[in-house]
K.L.:
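Below you'll find the structure I mean.
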Protein chains: 2
Amino acid sequence: MNRSELDAVLAALAEPTRRQLLDLLAERGEASASALAQAVPVTRQAVVKHLTVLDGAGLVAGRRAGREVLYRARPERLEEAARRMSALAAAWETRLAAIKRIAES
Amino acid sequence: MNRSELDAVLAALAEPTRRQLLDLLAERGEASASALAQAVPVTRQAVVKHLTVLDGAGLVAGRRAGREVLYRARPERLEEAARRMSALAAAWETRLAAIKRIAES
DNA sequence: TCCTTGTGCAACCCCAGGGTTGCACAATGT
DNA sequence: ACATTGTGCAACCCTGGGGTTGCACAAGGA
């Protein structure tokens, strides 16, 4: 996962509706856009757009099943993004600690 | 850190310019809005807005020093957000695993 | 005192993107 | 064959928010 992919993940997660969709998918395992639209206060088309964004970020994957497309959540990607953020935080911490040390000497 | 605070963190991090500002603060330890504006392709006012958002998310803190306001990054908050995301991913994983088990039986 | 420099505030521009409607097409049930 | 239901696509609306300019005020330095 490179920098621009992390960008995509963060941007995708910044939307409340999208996080709600992810929660729904985590609950149900799999669901179609139409099914999700019934559980969310927006139209199916809006849901499709969100799923497209989530797919672009790798947070969701879809597969055709007959005439419908079933989506599932991908926790691995979320976990990966979380690890990246944690690593970044750790890097900042050491850096800031070093700056503080120098300032005090 | 409650749900709406996590919302704020994610929304704040969704902006490339804001992440850049965080990186700069992590590098320098402390910096004023005007100083940051010289390292970034936007005006000081835009930087101030971003810093306000970051402050609202708890990712940054400012203190007055004479006539200028110095900001510093707060890695703890980032770390906290990362942990929350990781926990969420774990919850999804167990849930999806359970669904899969049921489906196969 | 005057000049410089950093803030704060307000009005404004502009567009990305979240949301909608409308319609055409595909797959399933009866 | 026909009605039903789920997708896909395109045009469109509209608000949020990133960015700007302009100006007034505060705090140091000469």
Side-chain angles (χ1 to χ4, degrees), chain A residues 3-25 27-73, chain B residues 3-25 27-73:
Chain A
R3 194 172 189 80
S4 75
E5 285 175 319
L6 179 60
D7 274 32
V9 171
L10 290 172
L13 291 176
E15 250 294 321
T17 308
R18 281 196 285 264
R19 285 205 298 283
Q20 194 181 345
L21 290 175
L22 286 172
D23 283 337
L24 287 169
L25 287 176
E27 276 179 23
R28 307 185 180 187
E30 277 188 332
S32 68
S34 300
L36 290 170
Q38 291 179 330
V40 131
V42 297
T43 54
R44 172 186 63 93
Q45 288 81 347
V47 171
V48 171
K49 282 191 187 180
H50 283 310
L51 288 173
T52 303
V53 173
L54 288 169
D55 182 49
L59 290 167
V60 127
R63 69 177 177 93
R64 263 222 113 84
R67 73 173 155 185
E68 54 185 1
V69 180
L70 297 179
Y71 292 88
R72 68 173 196 281
Chain B
R3 195 170 188 79
S4 74
E5 285 175 319
L6 179 61
D7 274 32
V9 171
L10 290 172
L13 291 175
E15 251 292 322
T17 308
R18 280 195 286 265
R19 285 205 298 285
Q20 194 181 346
L21 289 175
L22 285 172
D23 282 337
L24 287 169
L25 286 176
E27 276 180 23
R28 307 185 181 187
E30 277 188 332
S32 68
S34 300
L36 290 170
Q38 291 180 329
V40 131
V42 297
T43 54
R44 172 186 64 92
Q45 287 81 345
V47 170
V48 170
K49 283 190 186 178
H50 284 310
L51 288 173
T52 303
V53 174
L54 289 170
D55 182 49
L59 290 168
V60 126
R63 69 175 176 92
R64 263 222 113 83
R67 73 174 156 185
E68 53 185 2
V69 180
L70 297 180
Y71 293 87
R72 68 171 195 281

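Just so we're on the same page: letters track the sequence lines, and every chain starts at 1.
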K.L.:
Just jot down the salt bridge (charged side-chain N to carboxylate O under 4.0 Å, His left out) partners of Glu27(A), sequence neighbours excluded, or say none.
P.N.:
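Counting only residues at least two positions away or on another chain, Glu27(A) forms no salt bridge (charged side-chain N to carboxylate O under 4.0 Å, His left out).
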K.L.:
Going through the distances and angles, do Glu5(B) and Val9(B) end up as a side chain to side chain contact (heavy atoms under 4.5 Å, CB included)?
P.N.:
CA-CA 6 Å; Glu5(B) 285 175 319; Val9(B) 171; 5.7 Å; no
K.L.:
Any side-chain to backbone donor/acceptor pair from Arg18(B) onto Ala12(B)? Under 3.5 Å, distance only.
P.N.:
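Side chain of Arg18(B) to backbone of Ala12(B), a donor-acceptor pair under 3.5 Å: yes, one is there.
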K.L.:
CZ of Arg19(A) versus C1' of dG18(C): gap in Å, rounded?
P.N.:
15 Å
K.L.:
Give the B/S/- string for nucleotides 18-30 of chain D, one per nucleotide from 5' to 3', where a protein heavy atom under 4.0 Å of the base yields B, of only the sugar-phosphate yields S, and otherwise -.
P.N.:
SBBBB----BS--
K.L.:
Just grab all the salt bridge (Lys or Arg N to Asp or Glu O under 4.0 Å) pairs involving residues 48-66 of chain A, residues at least two apart or on different chains.
P.N.:
Glu30(A)-Arg63(A)
K.L.:
If you define the side chain from C-beta out and look only at heavy atoms, does anything of Val69(A) sit under 4.5 Å from Leu51(A)?
P.N.:
no
K.L.:
If I take atom OH in residue Tyr71(B) and atom P in nucleotide dG6(C), what distance separates them, rounded to the nearest angstrom?
P.N.:
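Value for this atom pair: 14 Å.
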K.L.:
Between atom CG in Leu36(A) and atom C1' in dT7(D), what is the gap in whole Å?
P.N.:
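Between C1' of dT7(D) and CG of Leu36(A): 14 Å.
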K.L.:
Expressed as a whole number of angstroms, how long is the span from Leu51(B):CG to dG6(C):P?
P.N.:
15 Å
K.L.:
I want to check one thing: is the phosphate of dT5(C), taken as OP1 and OP2, less than 4.0 Å away from some side-chain N or O of Ser34(B)?
P.N.:
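Ser34(B) to dT5(C) OP1/OP2: no side-chain N or O under 4.0 Å.
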K.L.:
For Leu13(B) and Leu10(A), which heavy atoms make the closest approach, and how far apart are they?
P.N.:
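Smallest interatomic distance, heavy atoms only, reads O-CD1, 3.9 Å.
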K.L.:
Give Val69(A) one of three labels, base, sugar-phosphate or nothing, depending on what nucleic acid heavy atoms sit under 4.0 Å from its own.
P.N.:
sugar-phosphate
